Amino acid sequence: MWRDSLLVAGKDLRIEARSRVGLYQVAPFGVVALVLFAFALGPDRTQMAKGAPGLFWVAVLFCTVLAVQRSVSVESVDGARDGIRLSGLDPAGQFLGKAAAVAVQLIVLEVVLGIGVVLLYGASIQVPWLIVASCVLGTVGLAATGTLYGALSAGLRVRETLLPFLFLPIAAPVLLAGTRVWQAGLAGGTESYGSPWLRLLVVFDAIYVALGIVVFGPIQEAA
Amino acid sequence: MASEAPSHPAILLHDAVALSGRFPLLAGVDLEVAVGETVLIEGPNGAGKTSLLRVCAGLVALASGEASVLGLDPVRQRNQLRRRVGLLSHASHLYDDLTVRENVKFAVRAAGGDTDRIAGACERWGLAGRLLKTSASKLSAGQRRRVALASLTARWPELWLLDEPHAGLDASARDTLDRLIGDAGAAGVTVLIASHETEFVESLAARAVTVTGGRITGARSLGAPSLGVPPLGPPSAGGLTGGPTDGLDALPGPGPCSPGVASPIAGPTADRPAGEVAHVA
């Protein structure tokens, strides 16, 4: 399973490095979203800093939809999905590999968006480990759910519109918990406030990673 | 290297029915193909030739009937089966953003094959020099077909399912393909070829079966000799060893089957004895 997941993750990351869709489309989209949020909130930097945690995670959520759609679409060209099914790769390994590739892209994106939040919104990070922990845990959860629901919508002609519809409500706990932990991380001195939300992220991740490992194969065969 | 005949046919379908929604793909197919046999599947468009190959590859599950492919249940043991089967379909299964070499390498590594065979297989299909580093998106349809065939050649599975294999190939590549199918048959590989262009295939196959309306409606003998026995030796990265496979020693790369993949003459598989047939009610 681990060998297969490394193989699939390596393939997906190589494809992304070649196509540069993440660099030229997904990351700029995230930055544009942050800028537009800033316009909507007005010139008051205090208000922008206050809204920064939520706006960061909303931008990450939207970018996740794009990254997952891209991950699904590379398997839909020239019968590639049949090709990967025919290879006999362990479905759990495929799930972990595709989710890992999405997670790597999201981590890079979150660094870019994090810098954007600090520069644009004037947010200052008081408890860095809370910020890092929420990003890592949130990314695992988003990548796992995104990959799972991406597989679910893969065989459908309406997958571009169906995926956000399926994924965004399911990812709401990540948005909520990530925002709360970021609020604690930016406000400082309230680490205990962030801990329950981190635990929620851990549980969310465990559920969706385990679910993906179990059901990715049957979903793939049915798609 | 001594080898013994397997206790099961390469393909055994009995009253096989496959559906796509409520549309019948196969409507009660009975087919038995011996290990090492090359069989032409012929029939008009929409007859069920491609569906038959996809059932054999474990891509389409049976709604009813019985199926055993290489002694495995094509549904319950699909992952084991797929590593031992190569399907050349209308699609090339290539990733546009990967190079030719990366595509072949991924296909071989994913199937647990030997990457040492990639260079020889690519060379055999005229994929050399700058072409190896060319992105698949820049290839013509014929070149994409060659890459798919190079992947198959490098993997060298035990069962080849070829769907219109000559389509899109130029005369030189068609000759290469014909030689490859002949070599595979001589090495004891089981080959099923679905084709309209029977003039290209009749000399390669031992018999032809006709599919019409999702059923086998006819069968005839053809010219090519059929081994019908498995002369497969153990996996070899450098070439083939002994017996009927000697004629392939000059080939660049492929051995009789991919390392890490069980030989068809191996004994019972993980959770089901060889030759056991899947029963679907």
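Excluded from the calculations below are hydrogen atoms, water molecules and symmetry mates; all remaining heavy atoms, backbone and side chain alike, are included. In what follows, chains carry the letters A, B, and so on, assigned in the order in which the sequence lines appear, proteins first and then strands, with residues in each chain numbered from 1. A quick note: this is a predicted structure, and the numbers were derived from the prediction, not measured.
Between chain A and the residues B:Ala91, B:Ala110, B:Ala61, the largest count of heavy-atom pairs under 4.5 Å involves B:Ala110. Put simply, of A:Gly93, A:Ser87, A:Gly10, the one with the most heavy-atom pairs under 4.5 Å next to chain B is A:Ser87. With chain A as the partner, the residue from B:Val85, B:Leu81, B:Asn79 showing the most heavy-atom pairs under 4.5 Å is B:Asn79. Heavy-atom pairs under 4.5 Å with chain B were tallied for A:Val74, A:Asp4, A:Asp82; the largest tally goes to A:Asp82.
The minimum heavy-atom distance linking B:Leu59 with A:Arg85 is given by the pair O-NH2, 3.1 Å. Contact record, A:Ala80 with B:Leu94: CB-O, 4.5 Å, taken as the closest heavy-atom pair.
Residues of residues 133-144 of chain B lying under 4.5 angstrom from chain A, judged on non-hydrogen atoms, are B:Arg144 in numerical order. The interface of residues 16-25 of chain A with chain B, defined by heavy-atom distances below 4.5 Å, comprises A:Arg18, A:Ser19.
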Derivation and outcome, salt bridge (Lys or Arg N to Asp or Glu O under 4.0 Å), residues B:Arg76 and A:Glu221: CA-CA 12 Å; B:Arg76 289 189 0 208; A:Glu221 293 302 321; over 6 Å; no
B:Arg78/A:Asp90 under salt bridge (Lys or Arg N to Asp or Glu O under 4.0 Å): CA gap, chis, key distance, verdict: CA-CA 10 Å; B:Arg78 63 168 74 97; A:Asp90 181 5; over 6 Å; no
Side chain to side chain contact (heavy atoms under 4.5 Å, CB included) assessment of B:Arg82 paired with A:Leu89: CA-CA 9 Å; B:Arg82 287 171 180 173; A:Leu89 285 168; over 6 Å; no
Candidate pair A:Arg70 and B:Asp97, rule salt bridge (Lys or Arg N to Asp or Glu O under 4.0 Å), full reasoning: CA-CA 12 Å; A:Arg70 171 70 184 155; B:Asp97 292 303; 3.1 Å; yes
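Residue pairs meeting the ring-ring contact (aromatic ring centres under 6.0 Å, His included) criterion with at least one member in residues 150-169 of chain A: none, sequence neighbours excluded. Pairs engaging residues 104-121 of chain A under the side chain to side chain donor-acceptor pair (under 3.5 Å) rule: A:Glu110-A:Thr139 [sequence neighbours left out].
Of the inter-residue distances, the one linking B:Arg109 atom CZ with A:Arg3 atom CZ reads 7.0 Å to the nearest 0.5 angstrom.
With B:Tyr95 as reference, A:Ile15 is the one residue of A:Asp12, A:Asp78, A:Val77, A:Ile15 to meet the side chain to side chain contact (heavy atoms under 4.5 Å, CB included) rule.
Of the two parts of B:Ala107, neither the backbone nor the side chain holds a non-hydrogen atom closer than 4.5 Å to a non-hydrogen atom of chain A.
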